[in-house]
Amino acid sequence: MTPTHTDCLFCKIIAGEVPGTIVFQDESIVAFRDVSPQAPLHVLIVPRKHIPSLNDLVPDDDGLVGSMVRLAASLAKEHGYHERGYRTVFNTNGEAGQTVFHIHLHLLAGRRLIWPPG
Ligand code: DGP
């Protein structure tokens with residue numbers, strides 16, 4: 001079982017200690033709805049392994065991150081947004097607005113998303 005970091009919100013959601021609307025889970029990844037959705041579809045794709053930020057990735061995580069990205073594409077398709085378009089984002093550290101220090105891939109879809117982002 002993946003160790004839970006006691007002070008990590010996403011570890012608690014993964015462990016079922018904090019409620020979350022889970023849309024997918026397998027042995028390495030959990031995906032749940034963002035509590036403050038910024039688009040009609042806003043899902044967070046989160047590894048069970050506690051990794052604070054992209055700066056902490058190691059080569060052994062390459063397959064995990066690949067699976068997270070492929071899951072984003074799969075969920076976008078499942079919700080009917082794969083042709084309209086969708087955005088996938090990892091925020092890293094302060095200036096990018098990372099607030100939860102357990103890596104998560106945002107999947108946003110269902111409205112026109114501006115570029116560059118704010
Ligand atoms: P970031 O700013 O990239 O670290 O994104 C963190 C996201 O986590 C943000 O979009 C809001 C979301 N979030 C914060 N607290 C909770 C929570 O308790 N439950 C869920 N489902 N999402 C949360």
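The figures here come from the full heavy-atom set of this structure, side chains too, leaving out hydrogens, waters and symmetry mates. Atoms within each ligand, like the ligands themselves, are counted from 1 in listed order.
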Taking ILVMFWY side chains as joined if any heavy atoms are under 4.5 angstrom apart, and letting links pass through other members, which residues group with Leu75?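 Taking Ile, Leu, Val, Met, Phe, Trp and Tyr as members, Leu75 shares its hydrophobic cluster with Val23, Phe24, Ile29, Leu41, Val43, Ile45, Ile51, Leu54, Leu57, Leu64, Val65, Met68, Val69, Leu71, Tyr81, Tyr86, Phe90, Ile103, Leu105, Leu107.
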
### Message
If you define the side chain from C-beta out and look only at heavy atoms, does anything of Pro40 sit under 4.5 Å from Arg111?
### Response
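Yes, close enough: below the 4.5 Å cut-off.
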
Check your understanding: Knowing that exactly one of His104, His102, Arg33 qualifies, which makes a side chain to side chain contact (heavy atoms under 4.5 Å, CB included) with Leu44?
Key ->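 Result for side chain to side chain contact (heavy atoms under 4.5 Å, CB included) with Leu44: His104.
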
* With under 30° as parallel and over 60° as perpendicular, where do the rings of His5 and His50 fit, or are they tilted in between? ->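 Ring orientation of His5 relative to His50: parallel.
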
(request) Under the side chain to side chain contact (heavy atoms under 4.5 Å, CB included) rule, collect the residues that match up with Asn55, sequence neighbours excluded. (result)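 Asn55 satisfies side chain to side chain contact (heavy atoms under 4.5 Å, CB included) with Ser53, Thr92, Asn93 once adjacent residues are dropped.
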
With sequence neighbours left out, write down each residue that passes side chain to side chain contact (heavy atoms under 4.5 Å, CB included) with Thr99, or none if nothing qualifies.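 Counting only residues at least two positions away or on another chain, Thr99 forms no side chain to side chain contact (heavy atoms under 4.5 Å, CB included).
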
Item checked: Pocket residues of ligand 1, ordered first by chain and then by residue number (heavy-atom cut-off under 4.0 Å) ->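 Within 4.0 Å of ligand 1, protein side: Leu9, Phe10, Ile13, Phe32, Arg33, Asp34, Val35, Leu44, Asn91, Gly97, Gln98, Thr99, Val100, His104, His106.
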
